[in-house]
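Worksheet for the structure shown next.
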Amino acid sequence: MKVLFPGTFDPPTFGHLEIIQRAARLYDNVYIALTDNKAKSNAYFEVEERKELLLQIAAPLKNVTIVVFDGLVVDCALKYNADAILRGLRNGTDFDYEYQMASTNYQMTGIETIFMASSPQYAHLSSTLIRQIASCKGRLEEFVPAAVEKYILQRLNP
Ligand code: ADP
């Protein structure tokens, strides 16, 4: 079975990585679908930067592929013949939004969305939080993989 894990990953965190690792154990193939929605996205990191970071952190997982898409998640899922869309759930706020998205995507194409509950140690992590800490030169090592921390430090302090 193939699953598509879409997101902005701006930047990738331990929360993302944990979901990817768990999905790689459950599914034959995991497609990480990186959003490159130039018109709507105001991502801090360029898509090429986010892709490179995802490539580095997912390198040990041989059944994980990074793909970039612009448009609807359902179209990307169809393109890669995914059996389901995967989303992480951290809290009730995530659930309210994700339930709406999952129902819409199902109504549009019949594709299922699978939810994976975040582990408690990562449930508070978000890319927004990481960007805020990084902008104040705070320590990131507990929140993001070492490759991501190294890149952010270089990028912010060239
Ligand atoms: P999006 O803009 O599509 O929500 P994100 O990069 O913020 O993109 O999130 C991508 C996916 O990763 C979402 O399903 C989100 O719920 C999940 N996710 C993000 N942070 C965590 C975390 N700390 N634990 C578990 N899942 C997470």
Side-chain angles (χ1 to χ4, degrees), residues 2-27 29-58 61 64-77 79-80 82-106 108-109 111-135 138-149 151-152 155:
K2 297 180 200 165
V3 78
L4 188 96
F5 181 45
T8 314
F9 307 102
D10 187 33
T13 69
F14 276 136
H16 292 124
L17 180 58
E18 204 230 358
I19 298 288
I20 295 164
Q21 288 168 332
R22 286 163 60 193
R25 289 198 288 272
L26 274 180
Y27 289 91
N29 295 98
V30 178
Y31 291 95
I32 302 176
L34 175 59
T35 315
D36 180 22
N37 197 336
K38 291 194 177 70
K40 291 189 191 149
S41 159
N42 49 3
Y44 181 80
F45 293 99
E46 298 294 332
V47 68
E48 293 78 15
E49 296 177 289
R50 290 179 278 136
K51 184 177 182 187
E52 179 56 32
L53 292 174
L54 285 169
L55 280 170
Q56 287 188 32
I57 67 172
L61 304 166
V64 173
T65 307
I66 323 292
V67 299
V68 174
F69 77 104
D70 181 1
L72 295 176
V73 167
V74 286
D75 288 338
C76 184
K79 178 175 175 186
Y80 292 98
D83 296 288
I85 293 167
L86 173 68
R87 296 287 287 176
L89 280 186
R90 288 166 288 193
N91 48 43
T93 309
D94 271 358
F95 177 79
D96 289 344
Y97 174 71
E98 296 296 341
Y99 179 66
Q100 190 183 20
M101 283 305 303
S103 303
T104 308
N105 287 338
Y106 184 81
M108 280 197 288
T109 58
I111 193 158
E112 298 284 358
T113 297
I114 306 295
F115 295 116
M116 204 175 261
S118 175
S119 290
Q121 71 266 37
Y122 300 131
H124 56 291
L125 287 189
S126 70
S127 297
T128 307
L129 200 70
I130 300 307
R131 293 196 304 275
Q132 285 171 350
I133 297 171
S135 70
R139 286 179 37 189
L140 293 174
E141 66 189 33
E142 290 161 65
F143 307 128
V144 299
V148 176
E149 184 192 16
Y151 184 82
I152 294 175
R155 168 85 136 68

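All ligand and atom numbering here is 1-based and tracks the order in the structure.
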Looking at atom 23 (N) of ligand 1, what's its closest protein heavy atom, distance included? Tyr122 O, 2.8 Å
Atom 2 (O) of ligand 1: which protein heavy atom is closest, and how many Å away? Thr8 OG1, 2.7 Å
Do NZ/NE/NH1/NH2 and the carboxylate oxygens of Glu18 and Arg22 come within less than 4.0 Å? yes
Does Glu49 come within less than 4.0 Å of Arg155, counting only side-chain N to carboxylate O? yes
Please confirm whether the backbone N or O of [Y] pairs with a side-chain atom of [X], one donor and one acceptor, at under 3.5 Å?
{"X": "Ser135", "Y": "Gln132", "result": "yes"}
{"X": "Asp83", "Y": "Lys2", "result": "yes"}
{"X": "Thr109", "Y": "Val74", "result": "no"}
{"X": "Asp10", "Y": "Tyr44", "result": "yes"}

Restricting to heavy atoms, the pick from Gly88, Ser127, Ser119, Pro120 nearest atom 17 (C) of ligand 1 would be Gly88
Of Ile19, Thr35, Asp94, which has the heavy atom at the shortest distance from atom 26 (N) of ligand 1? Ile19
Please indicate whether any nitrogen or oxygen in Arg87 is less than 3.5 Å from any nitrogen or oxygen in ligand 1. yes
May I ask you to check whether His16 has an N/O atom sitting below 3.5 Å from an N/O atom of ligand 1? yes
Atoms of ligand 1 close to [X] [distance to a heavy atom under 4.0 angstrom, numbered from 1]:
{"X": "Phe9", "answer": "6 (O)"}
{"X": "Pro6", "answer": "10 (C), 11 (C)"}
{"X": "Ser118", "answer": "24 (N), 25 (C)"}
{"X": "Gly15", "answer": "22 (C), 23 (N), 24 (N), 25 (C)"}
{"X": "Gly7", "answer": "3 (O), 8 (O), 10 (C)"}
{"X": "Leu125", "answer": "20 (N), 22 (C), 23 (N)"}

With heavy atoms under 4.0 Å as the rule, classify the contact between Phe14 and ligand 1 as side chain, backbone, both or neither. neither
Select one of side chain, backbone, both or neither to describe which atoms of Arg90 lie under 4.0 Å from any atom of ligand 1, heavy atoms only. side chain
Ring centroid separation Phe9 to Phe5 under 6.0 Å: yes
In this structure, OG of Ser127 is separated from CZ of Phe143 (nearest 0.5 Å) by 13.0 Å
Residues Glu112 and Tyr106: side-chain donor-acceptor under 3.5 angstrom: no
